[in-house]
Amino acid sequence: MLKLFNSFSSSTEDFIPFEKSLVKIFICGPTVYDYTHLGHARIFLTYDLLSRCLNDQGLRTDVLVNMTDVNQNVFNKAKETSTTYKDVAKFYASAFVKDLEALNIQSINRLAYVSDYVSNIEKQVLTLIQKQVAYMAHGNVYLDISKVKNYGTISHQTKEQLSMHRLDIGPGKKNPEDIMLWNCTEDFDFSWKSELGEGIPWWHMQDTAVAIENFGKNYDIHGGARELLYPHHEAHLAQYQLLSGSDVPVKAWVHVGLVLSGGEKMSKSLGNVVWIKDLIKKYDQNLTRLYVFSKHYRDDIDFSEQDLLAKKPLLDLIQFAKSNVSDKTHEDISNLIDDFVQSLSNDLDSPMALRTLEKICIEVRNGKGINQNDFNRICEILGIIP
RNA sequence: GGUGAGGUGGCAGAGUGGCUAUGCGUUCGCCUGCAAAGCGAAUCUAUAGGGGUUCAAAUCCCUUCCUCACCUCCA
């Protein structure tokens, strides 16, 4: 039984999917206006590990990633490079896919481009207006937060705290924290004509539309970086609840820690961004995976090349074990493999699992046997190809 | 201010009540004409401070101090 920490309840819970043997996962994907960095990649590596663990337990996974191509950053990039937003999106989306492939991330089976869902977004926003939970003000459409039960639960904020945020400052908003759904007032050189007026479908509503169109009224896991907790996931849940009619449309909210570099958050202005395309030129995906998984997914990682290289001895041990598989697995090793799987089942405790893996390899080096199937199983779960 | 996560040797970084990993570094040896690399070995009075629970605490509880992230577009 897999246990996962659920941000909604702030506790580690037994994970039970809506359907018996199928787990539907939505991951907040990239805004496709630049290359993929290690922070992005860690997200997808984490859910790849999660998927592999679920697969190992006999569950199928259906992993959906939305590609944000309707976004000011994408529009700006298009302007800078004198192309269309579609071209910008296409270029960076294909770079993203290439980077994920290089990291042996195979669990994602649906990529959804937001621009393909604009009419769905329009339809859903109209539904929210009909339900009288959304309203128009000075051309924009907002979600009326006062109509949402439990708003603030995921980010642990009270009504008073929420009221101190002034999101999407605009005239005519009923509450300062009301969420923009459709933006008609800003000019981005791109817009969509709709019953809501000519404008842009706004951020939070994009993911909701993509998820509903693909998964229907509920799904099992919503994933993304921890920084998306507020306002993005709070808004997504509110919209999803109102549209699906379900109070709990998502079983578990699973958030991944940030990747820092030099003790600070990666940013282009600080010049400390670690791009995947550069990283995989120097190190293979095995080492990158072992490095990322050596920290618990909910902790932040302060990237250093030295720490990444420090995983090389473990990789060497694994490679030694690979070339020394035998026909029978020793009972001690069998027990250790159980521990390995058990650690991962405990809220994806990969640091502990890797320690156990190290023990396994050392036992193999000491002459205890591991058979090909058992060895392959471990590699398959971790996604490494020694 | 609110929320969340932390403080482990010279540095990085595991450890989820019972001989504390591992890597880097440092030292020595092997190898080499010398060095580097590689291999082998050794090494470091480490668990933020103070209380408590326990036969036993890095690990559980209380407390003080400190750090980081998020709360605005961000993965």
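Naming convention: chains lettered A, B, ... in sequence-line order (proteins, then strands); numbering from 1 in each chain.
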Does OP1 or OP2 of [N] have a side-chain N or O of [X] closer than 4.0 Å?
| X | N | value |
| --- | --- | --- |
| A:H40 | B:rA75 | yes |
| A:T31 | B:rA75 | yes |
| A:K295 | B:rA14 | yes |

Tell me: [atom1] of [X] to [atom2] of [N], nearest whole Å?
| X | N | atom1 | atom2 | answer |
| --- | --- | --- | --- | --- |
| A:M180 | B:rC73 | CE | P | 10 Å |
| A:H156 | B:rA69 | NE2 | C1' | 15 Å |
| A:R226 | B:rA75 | CZ | P | 15 Å |
| A:D299 | B:rG13 | CG | P | 11 Å |
| A:L314 | B:rU22 | CG | C1' | 9 Å |
| A:H233 | B:rC71 | NE2 | P | 13 Å |
| A:D300 | B:rA75 | CG | C1' | 12 Å |
| A:L354 | B:rU22 | CG | C1' | 12 Å |

Tell me what [X] touches on the nucleic acid: a base, only sugar-phosphate, or nothing, going by heavy atoms under 4.0 Å.
| X | value |
| --- | --- |
| A:M164 | nothing |
| A:Q72 | nothing |
| A:N346 | base |
| A:H165 | sugar-phosphate |
| A:Q306 | sugar-phosphate |
| A:V256 | nothing |
| A:L228 | sugar-phosphate |

query = Quick check, are the ring centers of A:Y92 and A:Y35 under 6.0 angstrom apart?
reply = yes
inquiry  = For the aromatic rings, using the six-membered ring if either is Trp, is the centroid distance between A:H40 and A:F44 under 6.0 Å?
reply    = no
State the pairing partner of [N]; accept Watson-Crick or G-U wobble contacts with both distances under 3.5 Å, and report none otherwise.
| N | value |
| --- | --- |
| B:rG40 | B:rC28 |
| B:rG17 | none |
| B:rU67 | B:rA5 |
| B:rU54 | none |
| B:rC11 | B:rG23 |

query = Which comes earlier along RNA chain B counting from the 5' end, the contact point of A:I43 or that of A:F5, where each point is its nearest nucleotide?
reply = A:F5
ask   = Between A:R42 and A:A310, who's closer to the 5' end of RNA chain B by nearest nucleotide?
value = A:A310
For atom [atom1], what is the distance between [N] and [M], given to the nearest Å?
| N | M | atom1 | value |
| --- | --- | --- | --- |
| B:rG10 | B:rG29 | P | 25 Å |
| B:rU45 | B:rC34 | P | 34 Å |
| B:rA36 | B:rU26 | P | 11 Å |
| B:rG25 | B:rA37 | P | 9 Å |
| B:rG9 | B:rU20 | C1' | 12 Å |
| B:rU22 | B:rG15 | C1' | 11 Å |
| B:rA12 | B:rA57 | P | 27 Å |
| B:rA21 | B:rA75 | P | 41 Å |

request  = Kindly compute the distance separating CG (A:L357) from CD1 (A:I318), expressed to the nearest 0.5 Å.
outcome  = 4.5 Å
From the set [options], return the single nucleotide nearest to any side-chain atom of [X].
| X | options | value |
| --- | --- | --- |
| A:L258 | B:rC71, B:rC70, B:rU22 | B:rC70 |
| A:P351 | B:rG15, B:rC68, B:rU72 | B:rG15 |
| A:D307 | B:rC73, B:rU22, B:rG13 | B:rG13 |
| A:M266 | B:rG23, B:rU22, B:rA75 | B:rA75 |

key: Given A:H233, A:H232, A:H222, the one that forms ring pair (Phe, Tyr, Trp, His ring centres under 6.0 Å) with A:H255   = A:H233
task = Indicate yes or no for a side-chain donor-acceptor contact from A:D284 to the backbone of A:L287 under 3.5 Å, with no hydrogens or angles considered.
result = yes
inquiry  = Does the Lys NZ or Arg CZ of A:K3 fall within the cation-pi geometry relative to A:F15 - under 6.0 Å from the ring centre and within 45° of the axis?
reply    = no
task = Identify whether NZ of Lys or CZ of Arg in A:K174 sits under 6.0 Å from the centre of the six-membered ring of A:Y135 and within 45° of that ring's axis.
result = yes
ask   = Do A:D87 and A:K90 sit within salt-bridge range, that is, some charged N less than 4.0 Å from a carboxylate O?
value = no
